[in-house]
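One structure is given below, encoded as structure tokens.
Numbering starts at 1 and runs along the sequence shown.
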Amino acid sequence: MDKDAVLTYVQRPRGTAPTLLGGELPLSVINSSRYIHQTGPAAQPQTEGNEGDESTSTLDHAIHTVLSGEVRNVILVGREGSGKTTTLEKLVLDWAKEEEEHLQHFSCVFYFRLEEINSLKDPLSLENLITQHHLSRIPPQSMHLFLQKPEDVLFVFDDLDRCGLSLDPSAHILCSDPGQAVSVSCLISSLLHGSLLKGAAFVVTTRPSEHLKFLSGTRMEVQGFLKPQREAYFNAFFTDPSVAHKAHVHMEKTLGFYDFCSSPRFCWTVCSVYRTLMDAGATLPETLSELFVHILVHLLKVVSLNEACNRELVLALGRMASHCSLDQHSSCTKEELGHFGFQPFLSSASAFLQVDGDLDSDTCGFSFTSQPMLEFLLAVSLFLGKSPSEGVAEVLEKHRVHAKFLDLFLSGLSEPIQRKPLETLLGALDSDHIADFKRWFKSSSVETLKGCRKEEHYRCFHLLHQAQSESLVKEIVTPSARIGISYGGLSLQDCVALNFVFSCLGEMELLNLYRMRNMTEEKAEVLASVMKASHKILLSDSSLSAEAVVHLASALSRGITEELDLSNSQLGDEKLKVLCNGLRDCKLLNISVRLCGLTAASCEDLVSALTSGNSRVCVLKISANHIGDQGLMTLCRALCSPQCKLQELQLQRSDLTALSMDALSAALCSGNSELRKVNLTGNVIGDSGVEALCNALKHPLCKLQSLNLFDSELTGKCCPGLMESLVSEHCSLSELDLSVNDLGQEGALLLCQALSRPECPVEKLGLTRCELTHPVFVQLGTLLRSGTSRIKSLLVGLNKVGDRGVKHILDAVKDPKCLLEDLDVEMTDLTDACVEDLCAAIRASKTLKNLELRNNSLTDASVPALVRVMEDSDSMLEMNLRYNDFSEDVFEILDECDRIRY
């Protein structure tokens, strides 16, 4: 086949010359060696047996791979301006110039632009289509050869979505004879569905459209330019590498988070605007609104009209934009343009619109080059009009479904500094319209920020970001705004908007990023300044990349953050190592890395950070990590250092045993440890481990005030040692939790002896589910009214002693010498029989504030008395009655007292 004929067809001039909005013609890009290979997508096979190729590095290679396989139909799907046409033309030109070996197994390549096929007249045969429309220089013998060997033929169809033909095979009687004349619609359908020239290969491009459901083959998403491709494009566009770098960095910072930045056409537009501004020494735009202001200013200067004509032109474009948005018309006829008032400006159409066909023809079509430009022109026209028939709220609601950027553009244009360049060409925008928008914006934003719908918060932040007004942020984000709600799930675009708003507000009490499941390097880099200015950062249940942790560590080292929660973020040892770089020199006081997949290896890095000399960390929550005894023994090195400021260490469920308790005890007695609180819940400490801790409690240098041994596999054998420690001269322990251990009656009675001694410092005692018996409750009652006990909080739930056992404690509560403030008797088998004693205790006590009665057997009969005593009490704050045997009949009575939970 004559490849020169293909070159002639592909390279022939067509359409209007490119403008700032149209992008560079594909042929110009290819011939000037500025073609950028797009990243190859993972193929999505649409045909049984085809697994696609997920290992391709570029889109071109992915196409070549599929075309060399058994199923050779490729469907390229992408948004407007994503580079589909350029990719196809590069494919065809490489074949015709024989610069690529991949496609040389095709003897014929036929390239069709489907918008041109729309103008063809029925009926038409395949032979006529090729000879008349595509190539006039195909000799008859060549036609015969490729008809006989269709597997050597490649058909390329561009812009299928612009084909006004039906591709539904059920709507046609598909033909198989290349010489049969049928409708153009039937002809294209017969080719694509394989009944005509079966075995031929196809590459089809389309925007997402209805046509897709009628196509089979390997579907590939044309992603456009990702960040690396954008950088390469900027380097090719600007001859000066430093200018290219400056322009690219600015674009990524201010616009790179918008999905349409992946469009090569949009990159062309941005580069063109930036070059004009940089040549003039002007400031580059900070927002999307500002960029489009510069674009429109440039276009208006191109058409060179006076101010009055400029206004009429923009108003006409706005009417067309509204029509296309509301009615979802992708293009308009010349007649429709006349209805919009565009008739005097038809000669200027190509500067603003894509023109399909001859401008002098009545069949000529006009469309906007991009959805953002459509919406920007609509926004400008709304602020240009003189007498609005509806308010801004109604306009936005009307366009809500299809106009994604309209409110953003209105927000940007409402600020004088951003619209000023436009007003030099259009005259002043209407102040009443702008005031109407601002009233709506302020009132709706204030209400939005009082709520908890984070998506609505994000939109408000985007609008404020477009306005670029610090005073407006402070006016809208009032003290009643709930900006402490979780902002997990932020997109990069959301991060930029949130960063702007929070930066305007200054120091933040809380940056709540709970469930930030995809904290990438880019997001963390954007949020770094906000993180530095936040006293507390909540990143629990999140997922951070290693690069994101670098930015977090840097923000901690340079910021004011005092509390950081990374619980359940699956950091792992390597990411924690990076984080510890920031812990060595920061203001952090409290850090939680609970359930982060850490091992003993992380403890070395923590020791290094905690003993750096600059670390202020006093609370470390490292629970639910597999650090084991080796990890704790490593941490004890830090506790022995005078540089370590640690006061609280939470080690719940950390795979610890008695083996590491000697090291912990030694650290507590070292004289350098500041440790006041240790939580060892859920470890296999055992009686021997407690023995080591008891030695520390008696030591004069031990400062421990709180020890939690909940569910630590203890028995009554540990109680003699505990008794001795609690009454020792130097013991400072005020909180002791021994819940969920099998202490039994003998062990608990020994503890009661210690607790009744005046030298025992314990004020809060946990004995929940410790197999306590009635005699133990007798002794607890005795010590509470002894006048020597300091107990203020007592947890004795889940011990089945019933009304008779609990009565001893309730009787003690009535005694003026009892100091008890909190009492937990959950699930102790209480019945209505205890209510009289319960009420008597509440009435008599001057100290009792909280009473936990969940999961007992109280019934409706007890409710009136309990409500009455709570209403009469001046000291009681809360009574919890959940999960008792109440019916709905008493809910109204319980509602009368807001201090009762049920």
Side-chain angles (χ1 to χ4, degrees), residues 452 681 710-711 737-741 748 764-781 784-785 791-815 818-902:
C452 295
T681 292
F710 186 105
D711 190 20
D737 195 341
L738 297 167
S739 298
V740 194
N741 288 293
K764 182 175 181 179
L765 178 65
L767 293 171
T768 300
R769 213 188 81 185
C770 283
E771 306 299 327
L772 304 186
T773 60
H774 183 268
V776 174
F777 273 72
V778 172
Q779 286 302 310
L780 286 171
L784 287 172
R785 57 174 174 262
I791 299 293
K792 295 180 180 179
S793 176
L794 180 62
L795 290 72
V796 288
L798 281 80
N799 292 291
K800 308 288 187 177
V801 294
D803 300 327
R804 182 166 161 265
V806 173
K807 176 178 171 57
H808 296 284
I809 294 178
L810 296 178
D811 287 344
V813 170
K814 292 186 288 186
D815 194 294
C818 179
L819 306 177
L820 210 58
E821 297 177 2
D822 302 306
L823 176 61
D824 183 344
V825 285
E826 175 187 2
M827 203 181 289
T828 49
D829 287 349
L830 297 180
T831 69
D832 293 339
C834 78
V835 173
E836 185 177 345
D837 292 322
L838 195 60
C839 292
I842 293 172
R843 289 193 187 94
S845 175
K846 303 298 182 183
T847 60
L848 195 63
K849 297 176 181 178
N850 297 290
L851 186 56
E852 181 65 68
L853 294 165
R854 284 183 304 170
N855 290 295
N856 282 293
S857 300
L858 303 176
T859 70
D860 293 1
S862 66
V863 169
L866 292 174
V867 170
R868 190 161 50 248
V869 75
M870 284 296 290
E871 288 178 334
D872 293 342
S873 174
D874 294 328
S875 60
M876 282 292 291
L877 299 178
E878 181 174 297
M879 177 188 288
N880 194 337
L881 293 170
R882 289 189 177 100
Y883 314 121
N884 277 278
D885 295 335
F886 301 136
S887 70
E888 294 183 6
D889 296 341
V890 296
F891 287 178
E892 271 190 48
I893 302 175
L894 288 167
D895 283 336
E896 292 175 7
C897 183
D898 59 7
R899 290 180 287 170
I900 292 180
R901 304 284 173 263
Y902 70 92

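Using a 4.5 Å heavy-atom cutoff, the side chains of E826 and N880 are not in contact. The shortest distance between side-chain heavy atoms of V801 and D829 does not fall below 4.5 Å. Between T681 and S739 the shortest side-chain heavy-atom distance does not fall below 4.5 Å. Residues L784 and V813 have side chains not in contact (no heavy-atom distance under 4.5 Å, counting atoms from C-beta outward). The shortest side-chain heavy-atom distance between L810 and V825 does not fall under the 4.5 Å cut-off.
In K814, the NZ atom is crowded: over 12 heavy atoms of neighbouring residues, nucleotides or ligands sit closer than 6.0 Å. Atom OH of Y883 has 12 or fewer neighbouring heavy atoms from other residues, nucleotides or ligands inside a 6.0 Å radius. Summarising the local packing, CD of E836 is surrounded by 12 or fewer heavy atoms from other residues, nucleotides or ligands at distances under 6.0 Å. For R769, the CZ atom counts as loosely surrounded, since its 6.0 Å shell holds 12 or fewer non-hydrogen atoms of other residues, nucleotides or ligands.
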Could you give the side-chain donor-acceptor pairs of residues 772-779 under 3.5 Å, partners two or more places apart or in another chain?
unit_1 : atom_1 : unit_2 : atom_2 : d
T773   : OG1    : Q745   : OE1    : 2.5
H774   : NE2    : H808   : NE2    : 3.1

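Between N884 and Y902, the side chains place no donor N or O within less than 3.5 Å of an acceptor N or O (distance only, hydrogens not considered).
The CG atom of N741 sits 8.5 Å away from the CZ atom of F710 when rounded to the nearest 0.5 Å. Note: L794 CG to L767 CG = 6.5 Å, rounded to the nearest 0.5 Å. In this structure, CD1 in I809 is found 5.0 Å from CG in L780, a value given to the nearest 0.5 Å. In this structure, CG on L830 lies 6.5 Å from CG on L858, to the nearest 0.5 angstrom. Between atom CD of residue E896 and atom CZ of residue R868 there is a gap of 11.0 Å, rounded to the nearest 0.5 Å. Atom OG1 of residue T847 and atom CG of residue L820 lie 6.5 Å apart, to the nearest 0.5 angstrom.
The backbone N or O of S887 sits less than 3.5 Å from a side-chain atom of D860, completing a donor-acceptor pair. The main-chain N or O of M870 is never found under 3.5 Å from a side-chain atom of S873 such that the two would form a donor-acceptor pair. Put simply, the side chain of D895 never gets that close to the backbone of I893: no donor and acceptor are under 3.5 Å apart.
Across S875 and S845, no two heavy atoms sit closer than the pair OG-O, 3.9 Å. The two residues D824 and E852 make their nearest non-hydrogen contact at OD1-CG, 3.3 Å. Residues L894 and F886 share a closest heavy-atom pair of CD1-CD1, 4.3 Å. Between C839 and A865, the shortest heavy-atom contact is SG-O, 3.8 Å.
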Original post:
For D811 and R785, what are the C-alpha separation, side-chain angles and deciding distance, and is it a side chain to side chain contact (heavy atoms under 4.5 Å, CB included)?
Top reply: CA-CA 9 Å; D811 287 344; R785 57 174 174 262; 4.2 Å; yes

Original post:
Can T831 and S862 be said to form a side chain to side chain contact (heavy atoms under 4.5 Å, CB included), step by step?
Top reply: CA-CA 9 Å; T831 69; S862 66; over 6 Å; no

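Under the side-chain contact (heavy atoms from CB on, under 4.5 Å) test applied with M879, the options N850, L848, V867, I842 reduce to a single match, I842.
Applying the side-chain contact (heavy atoms from CB on, under 4.5 Å) rule to M827 yields the partners L798, K800, N855; only residues at least two apart in sequence or on another chain are considered.
Comment: D803 does not engage K807 in a salt bridge, judged by the lack of any side-chain N to carboxylate O separation of less than 4.0 angstrom.
Applying the salt bridge (Lys or Arg N to Asp or Glu O under 4.0 Å) test to pairs two or more places apart or on separate chains, those with a residue in residues 877-886 are E878-R901.
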